[in-house]
There are 2 protein chains.
Amino acid sequence: MELRHVAYAVAVVDAGGVSAAAEAVHVSQPSLSRQLRQLEADLGVTLFERGSGPLRPTRACLALLPALRELLALAGRVEEQTAVHARGGLDRVVVAAPNVTLTDVVSPFVATLGADDPVLDVRPEDSRLPADMLAAGADLAIGTRPPAAPARWRPLATLPVWAYVRPGDPWAGRVQVPLSELVERRLVLLPRPFTSREALEAALTAAGAPAPAGVLEAASGPIAQALAAAGRGVAVVSDDARHDLVPLAVRLPAGAGDAGRLTIRLVVAWDSRAPAQAGLSALADRLAAFVTSRYGG
Amino acid sequence: MELRHVAYAVAVVDAGGVSAAAEAVHVSQPSLSRQLRQLEADLGVTLFERGSGPLRPTRACLALLPALRELLALAGRVEEQTAVHARGGLDRVVVAAPNVTLTDVVSPFVATLGADDPVLDVRPEDSRLPADMLAAGADLAIGTRPPAAPARWRPLATLPVWAYVRPGDPWAGRVQVPLSELVERRLVLLPRPFTSREALEAALTAAGAPAPAGVLEAASGPIAQALAAAGRGVAVVSDDARHDLVPLAVRLPAGAGDAGRLTIRLVVAWDSRAPAQAGLSALADRLAAFVTSRYGG
DNA sequence: CTCGCGCCATGCCCGAGAGGCATGACGTGC
DNA sequence: GCACGTCATGCCTCTCGGGCATGGCGCGAG
């Protein structure tokens with residue numbers, strides 16, 4: 001019996017099914033399904049009844065459940081306690097992230113931390129690759145592309161890319177604009193390595209849409225918005241709204257996933273071999289939970 | 001953090017060092033050493049001070065120790081509790097073993113089991129290979145050769161092979177006899193597949209000793225002893241003494257290991273994929289502990 | 001009635017990790 | 001100074017956890 005298996009079993013009970021639990025514990029549904037059976041074989045007890053629909057805990061499972069929860073809680077307390085004894089581990093955590101994310105995501109999260117929590121040493125980063133940030137000394141890195149092993153990562157959020165128009169614009173009354181219409185306008189975009197730009201171009205390629213009628217490059221999100229506010233074009237960025245700009249979702253052709261809107265995926269990553277890895281992953285989970293509650297997943 | 005790692009760390013503290021702990025938890029010393037470092041990295045805490053001699057727990061480790069022990073105790077209780085709910089798992093456990101082992105080892109162990117323990121359904125087996133016994137439906141198998149993966153096994157005991165002479169024999173006053181002298185006598189041996197026979201012949205080959213002067217084959221250990229009691233030769237078997245026979249250790253040439261005596265190794269094996277695997281390994285551990293306390297390892 | 005959708009299980013493959021063996025570095029005691 | 005006991009490290013194997021793709025299966029909508 002391993003703690004991981006116990007956590008999986010409890011997650012299945014709480015989530016009411018394997019599929020839902022798999023999402024909660026960040027593994028695929030087949031993997032979780034197999035781990036469950038392994039735990040059952042290991043203990044020699046049938047924990048779940050299979051059959052129609054979501055599987056349901058057996059009587060034995062429910063009887064064990066309190067002890068299993070206690071086991072997890074105790075393990076959690078041990079890991080917390082280690083933070084106290086950690087030498088140079090979680091007193092300071094260096095968080096690296098692109099600028100947009102820092103202002104819109106990390107800063108609000110830092111504001112929610114208590115006195116017991118580690119001090120987050122936030123550092124803006126040019127690279128979009130979490131792997132590079134980790135190599136540069138960051139403990140946690142936020143970016144758009146999952147790093148390769150042995151780094152670990154977790155999905156953080158799926159943020160929409162907005163097309164910002166000023167209040168007087170003909171589109172100002174709409175809530176979304178199709179990609180095909182968007183390219184007919186002059187666009188204010190960020191330079192290439194920025195994710196909103198890359199996501200837009202990838203979507204254009206995938207949809208077979210023509211190149212935008214005109215492109216104006218801005219050095220940062222706020223500047224792009226300022227240009228849009230000045231009527232120089234439609235700013236396509238993922239920043240939150242400024243200057244009273246009106247955000248429009250960018251509608252993609254059907255079947256493109258992400259609810260048909262242009263989005264960018266954020267991930268949070270850390271080094272699996274770093275000291276206090278348990279603490280880092282816990283912090284990453286809290287950050288993900290915070291973002292989910294704030295942006296609604 | 002996984003329960004296995006916790007168990008390892010506690011074992012190291014209790015045993016006072018990696019090497020001793022490795023034996024206690026049945027893994028090799030290098031493996032245990034690495035797991036420890038992994039646990040430290042995972043928690044972000046230095047648990048042991050390395051340096052001269054056996055490593056010693058740090059202050060942080062000692063602070064965590066009670067919680068770790070509690071964690072293991074709780075996990076143990078959960079596994080015990082599962083035995084109660086196990087369906088057809090550990091109510092009956094089929095134990096297969098060679099005849100000698102059954103009478104001399106398993107039976108006394110069965111006598112020590114309480115009402116809460118599973119019923120051991122003991123079955124004598126001709127094969128010396130635990131793998132065959134498991135394939136034949138046994139839950140636990142006792143034999144002389146460790147099975148291949150995915151079966152799991154544990155060393156059970158190292159039993160001496162005795163040279164039995166009757167009280168009136170010229171050797172009756174001795175406690176041991178060298179292999180070279182033994183072969184000059186007429187010997188009462190078991191047939192080939194029996195382990196005492198195979199061990200003897202392997203030792204003869206290894207020592208370059210001549211073949212025994214004369215061999216009388218007996219169908220079983222007790223019969224061999226009966227023949228020895230009748231003065232028909234020296235019985236070389238691993239059974240406990242009967243018929244007032246005098247046991248002599250068989251001395252091997254130096255460097256042959258096993259404290260220079262002819263011995264056979266016993267192992268207990270089970271199927272890692274069997275239901276109630278946790279209960280089986282616990283039972284195997286208890287059996288090993290019993291044998292150790294009875295035969296002094 | 002049938003089709004589609006949401007469940008979970010299974011087959012396949014890959015990579016990480018745990019394990020063993022052999023060996024090396026380091027201290028201690030004879 | 002040498003033998004021995006400690007733990008660490010390199011190398012290899014093999015299990016197992018994980019993901020993707022796919023297959024049954026029941027239920028509900030059309």
Side-chain angles (χ1 to χ4, degrees), chain A residues 1-9 11-13 15-42 46-58 146-155 257 267 271-273 277, chain B residues 1-9 11-13 15-42 46-58 146-155 255 267 271-274 277 281:
Chain A
M1 186 177 60
E2 290 296 331
L3 285 176
R4 181 168 16 88
H5 294 147
V6 174
Y8 286 172
V12 169
V13 174
V18 173
S19 297
E23 199 165 344
V25 298
H26 307 294
V27 295
S28 67
Q29 169 267 319
S31 183
L32 182 51
S33 181
R34 259 190 303 254
Q35 300 301 311
L36 276 190
R37 298 187 93 87
Q38 178 156 339
L39 176 62
E40 289 182 329
D42 188 53
T46 303
L47 294 175
F48 295 94
E49 270 166 17
R50 276 85 175 169
S52 83
L55 33 71
R56 283 181 300 197
T58 61
R152 302 203 180 273
W153 62 279
R154 194 124 303 175
V267 301
D271 191 334
S272 69
R273 298 159 308 185
Q277 199 241 331
Chain B
M1 185 176 60
E2 289 297 330
L3 285 176
R4 183 168 17 88
H5 293 147
V6 174
Y8 287 171
V12 168
V13 174
V18 172
S19 297
E23 199 164 345
V25 296
H26 307 294
V27 296
S28 67
Q29 170 267 318
S31 184
L32 182 51
S33 182
R34 261 189 301 252
Q35 301 300 311
L36 275 189
R37 298 187 93 87
Q38 179 156 339
L39 176 62
E40 289 182 328
D42 188 52
T46 303
L47 294 174
F48 296 95
E49 271 165 16
R50 274 86 174 169
S52 83
L55 34 70
R56 284 181 303 197
T58 61
R152 303 204 179 272
W153 63 278
R154 196 124 302 176
V267 301
D271 190 332
S272 70
R273 298 159 308 185
Q277 199 242 332
S281 78

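Residue numbering restarts at 1 for every chain, and letters A, B, ... go by the order of the sequence lines. Hydrogens, waters and symmetry mates play no part in the numbers below; they use all other heavy atoms, side chains included.
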Distance, nearest 0.5 Å, that separates [atom1] of [X] from [atom2] of [Y]:
X        : Y        : atom1 : atom2 : value
Gln38(B) : Glu2(B)  : CD    : CD    : 10.0 Å
Leu39(B) : Arg4(B)  : CG    : CZ    : 10.5 Å
Leu32(A) : His26(A) : CG    : NE2   : 12.5 Å

(Q) Using a 4.0 Å heavy-atom cut-off, does Arg56(B) contact any base of the nucleic acid, only the sugar-phosphate backbone, or nothing at all? (A) nothing
Q: Under 4.0 Å between any heavy atoms, over every strand shown, what does Tyr8(A) touch: base, sugar-phosphate, or nothing? Just pick one.
A: sugar-phosphate
Q. If you check the Arg4(A) side chain, which of dG18(D), dT10(C), dC8(C) turns out closest?
A. dG18(D)
Q) Where the side chain of Val27(B) is defined as all heavy atoms beyond and including C-beta, which of dA21(D), dG19(C), dG19(D) is the nearest nucleotide? A) dG19(C)
Rounded distance in Å - [atom1] ([X]) to [atom2] ([N]):
X         : N       : atom1 : atom2 : value
Asp42(A)  : dG17(D) : CG    : C1'   : 15 Å
Leu32(B)  : dG20(C) : CG    : P     : 10 Å
Asp271(B) : dT15(D) : CG    : C1'   : 14 Å
His26(A)  : dG19(D) : NE2   : P     : 11 Å
Leu47(B)  : dC7(D)  : CG    : P     : 15 Å
Glu2(A)   : dG17(C) : CD    : P     : 14 Å
Gln29(B)  : dA8(D)  : CD    : P     : 7 Å
Arg37(A)  : dA9(C)  : CZ    : C1'   : 7 Å

**Q.** Closest-nucleotide 5' rank along DNA chain D - winner of Ser19(B) and Gln38(A)
**A.** Ser19(B)
Q.
Which is more 5' along DNA chain D, the nucleotide nearest Arg152(B) or the one nearest Leu36(B)? Just name the residue.
A. Leu36(B)
Presence of [X] side-chain N/O under 4.0 Å of [N] phosphate oxygens OP1/OP2:
X        : N       : value
Ser33(A) : dC8(C)  : no
Arg34(B) : dA18(C) : no
Arg50(A) : dA9(C)  : yes

Q) Are any side-chain N or O atoms of Glu40(B) and backbone N or O atoms of Thr46(B), one a donor and one an acceptor, separated by less than 3.5 Å? A) no
Q: Report yes if the side chains of Leu47(B) and Leu36(B) come closer than 4.5 Å at any heavy-atom pair, otherwise no.
A: no
